[in-house]
Amino acid sequence: MTSSTKNNTSKEKPNKEAVDTVAPNQKTDDISLDTASTEKSSGLLAGIIERATKSGLGRRKLNPSAVEADVAKNMEQVRDNPDQLRLAFLGGGSFGTAMANLAARNGCDTTLWVRNKRTVKSMAKSQMNKKYLSGYKLDESLKYSHDLASAVKDKDIIFLAVPSLAFRETLKSIAPFITGQSVVSLTKGMEKDTFALMSDIIKDELPEVNFGVMSGPNLAIEIMKNMPSATVIASHSEPLRHAVQAALHSAFFRVFASDDIRGVELGGALKNIYAIAMGMAAAYDVGENTKAMLLTRALAEMSRFGVEAGANPLTFLGLSGVGDLYATCSSELSRNYQIGNMLGRGMNIDAAVKKLGQTAEGVNTIQQVHEKASKDGIYMPITHALYAVIYEDKAALGVALHLMEAGFRSDVEFVMPHDYSNAALTAQMQAAASNPDDQEQDSDSKNNAENVTNTDDDSVENKDAKKSTAKNDSASKDKK
Ligand SMILES: NC(=O)C1=CN([C@@H]2O[C@H](COP(=O)(O)OP(=O)(O)OC[C@H]3O[C@@H](n4cnc5c(N)ncnc54)[C@H](O)[C@@H]3O)[C@@H](O)[C@H]2O)C=CC1
Ligand SMILES: O=C(CO)COP(=O)(O)O
């Protein structure tokens, strides 16, 4: 048994103190956490944790039969010796820290790279990430570094958990030190102006590496509290999928596998848009029916966009799709939800971002997806509506009403296709948006239902256009 294994055996017990005494620091003045429900659930959780640890369900004592069958078959070495895996996590925010902590607790040789030298010193001394995860003790085997070269050299897997805006520059910086390492993105966003997803950037910058993306309903603070969670590792490399499963799997964190890289990373990126929408809707005190409608129409948009980008629509039914959409749209822990909530309470986007002080990828993703969908004729009415409210100063209530008044559509378009093509609808929407009559807005009439943006226009003039498009569509379908 190695020394790190020995250390870990004694660390089976989750840090009860951290579970009980958390004071998450991303609470804003406007949004208070539901402490009563957190307390109620922590009683239940404590029971689960106790039973799991007593029965030896912690990663160290995991019964091989409980390990994914494929891991047992193909990754015997890794499964039996996960502490032999050498991992680097780049990004000292809440998610990089939470994931590095899981791996360290599992006995992997784990280094967390943080760009700021002073922060590294403070983390090593306090074994805590005071800025992003205040109150949570980190595993004592976790190593910290601000030296990128030594952090990534001789590692098996490099996990990137920097915001999307820093993803490319981080890859460029590690490129000279890449020998045989694999790279896994934990980042949920889209690159500004290029529409590139993180896997595209990896292929651009490190064309030779074996890579994957990991995404799922993984609110960092819940993971630090040992609340049972699950995620998805997507890669075309089976050994990499298995290695990531072995590295992070525990009684509290289950890692599922996929080979639909596009679908998994788009789920993580797109759901941030709708978490903003849901946070905003919550500020307007909408009912559960409305939330359910928003959530499922969001899923329709996500899978529609995903298919256009080469994803499998069924992936959106998994953890990285509906799972993450649900978690982020229903939790005040979500930073994107918090942004939406602040907007719904009348703050402007710049003030909300400043007040949050943390990463909210959705703010950029709305702009990227709005632009890309308009360009490629992908019908994304909620995204366009949100864009209009946030960046064109349209009235939220008017925009919402207009969405409700939109024409008749199919529920699940993969079951029954829409009458009109998405490209035709997008074209109509854009034509309507350029109609100056519909654009008229002034601050006095902000809440006027007449005063709406044209995200899903069904005006009389456009109905004719729609009819003729529909005719053309059905004629072309008939020809086929
Ligand atoms: N926090 C969460 O619950 C989850 C976050 N994610 C994703 O992980 C990514 C990172 O988010 P968080 O850790 O939450 O962010 P955060 O806001 O907690 O921290 C961001 C970190 O990135 C660092 N950073 C910023 N610019 C950098 C640069 N140019 N080079 C190096 N480091 C830089 C900051 O110093 C900070 O340590 C995002 O794409 C987010 O969507 C994914 C799953 C869950
Ligand atoms: O992606 C997340 C949970 O899965 C975190 O969401 P936020 O970035 O909105 O906090």
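No hydrogens, no waters, no symmetry mates; every other heavy atom, side chains included, goes into these values. Ligands are counted one by one from 1 in listed order, and the atoms in each one are counted from 1 as well.
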Problem set entry | Atom pair OG (S374) and OH (Y387), whose distance is rounded to the nearest 0.5 Å | 8.5 Å
Problem set entry | Close residues, ligand 1: non-hydrogen atom nearer than 4.0 Å | G92, G93, S94, F95, W113, R115, Y132, A161, V162, P163, A166, E169, L186, T187, K188, N218, L219, A220, R335, Q358, T359, E361
Side-chain donor-acceptor pairs of residues 263-271 under 3.5 Å, sequence neighbours excluded:
residue: E265; atom: OE1; partner: M198; partner atom: N; Å: 3.4
residue: E265; atom: OE1; partner: S199; partner atom: N; Å: 3.2
residue: E265; atom: OE2; partner: S199; partner atom: OG; Å: 2.2
residue: E265; atom: OE2; partner: R262; partner atom: NH1; Å: 3.4
residue: K271; atom: NZ; partner: T328; partner atom: OG1; Å: 3.4

Seminar exercise, completed: For K137 and M224 the tightest heavy-atom approach is O-CE, 4.4 Å
Problem set entry | Other residues, nucleotides, ligands: >12 heavy atoms within 6.0 Å of K117 NZ | no
For this session: Output yes when a side-chain donor or acceptor of S235 lies under 3.5 Å from a complementary backbone atom of S237, and no otherwise.
Result: yes
Problem set entry | Test applied, side chain to side chain contact (heavy atoms under 4.5 Å, CB included); reference residue, D156; option that passes from L240, L85, D109 | L85
Problem set entry | Partners meeting side chain to side chain contact (heavy atoms under 4.5 Å, CB included) with E371 (sequence neighbours left out) | F195
Problem set entry | Distance-minimising heavy-atom pair for Y379 and E301 | O-CG, 4.5 Å
Problem set entry | D259 bridged to R241 by N-O distance under 4.0 Å | no
Give every pair formed by an N or O atom of ligand 2 and a protein N or O atom closer than 3.5 Å, one pair per line with both atom names and the distance to 0.1 Å, or write none.
residue: ligand 2; atom: 1 (O); partner: K188; partner atom: NZ; Å: 2.8
residue: ligand 2; atom: 1 (O); partner: K271; partner atom: NZ; Å: 2.7
residue: ligand 2; atom: 4 (O); partner: K188; partner atom: NZ; Å: 2.8
residue: ligand 2; atom: 4 (O); partner: G216; partner atom: O; Å: 3.1
residue: ligand 2; atom: 4 (O); partner: N218; partner atom: N; Å: 2.9
residue: ligand 2; atom: 4 (O); partner: D324; partner atom: OD1; Å: 2.7
residue: ligand 2; atom: 6 (O); partner: K271; partner atom: NZ; Å: 3.4
residue: ligand 2; atom: 8 (O); partner: R335; partner atom: NE; Å: 3.4
residue: ligand 2; atom: 8 (O); partner: R335; partner atom: NH2; Å: 2.9
residue: ligand 2; atom: 8 (O); partner: N336; partner atom: ND2; Å: 3.3
residue: ligand 2; atom: 9 (O); partner: S334; partner atom: OG; Å: 2.7
residue: ligand 2; atom: 9 (O); partner: R335; partner atom: N; Å: 3.1
residue: ligand 2; atom: 9 (O); partner: N336; partner atom: N; Å: 3.0
residue: ligand 2; atom: 9 (O); partner: N336; partner atom: ND2; Å: 2.7
residue: ligand 2; atom: 10 (O); partner: R335; partner atom: N; Å: 2.8
residue: ligand 2; atom: 10 (O); partner: R335; partner atom: NE; Å: 2.4

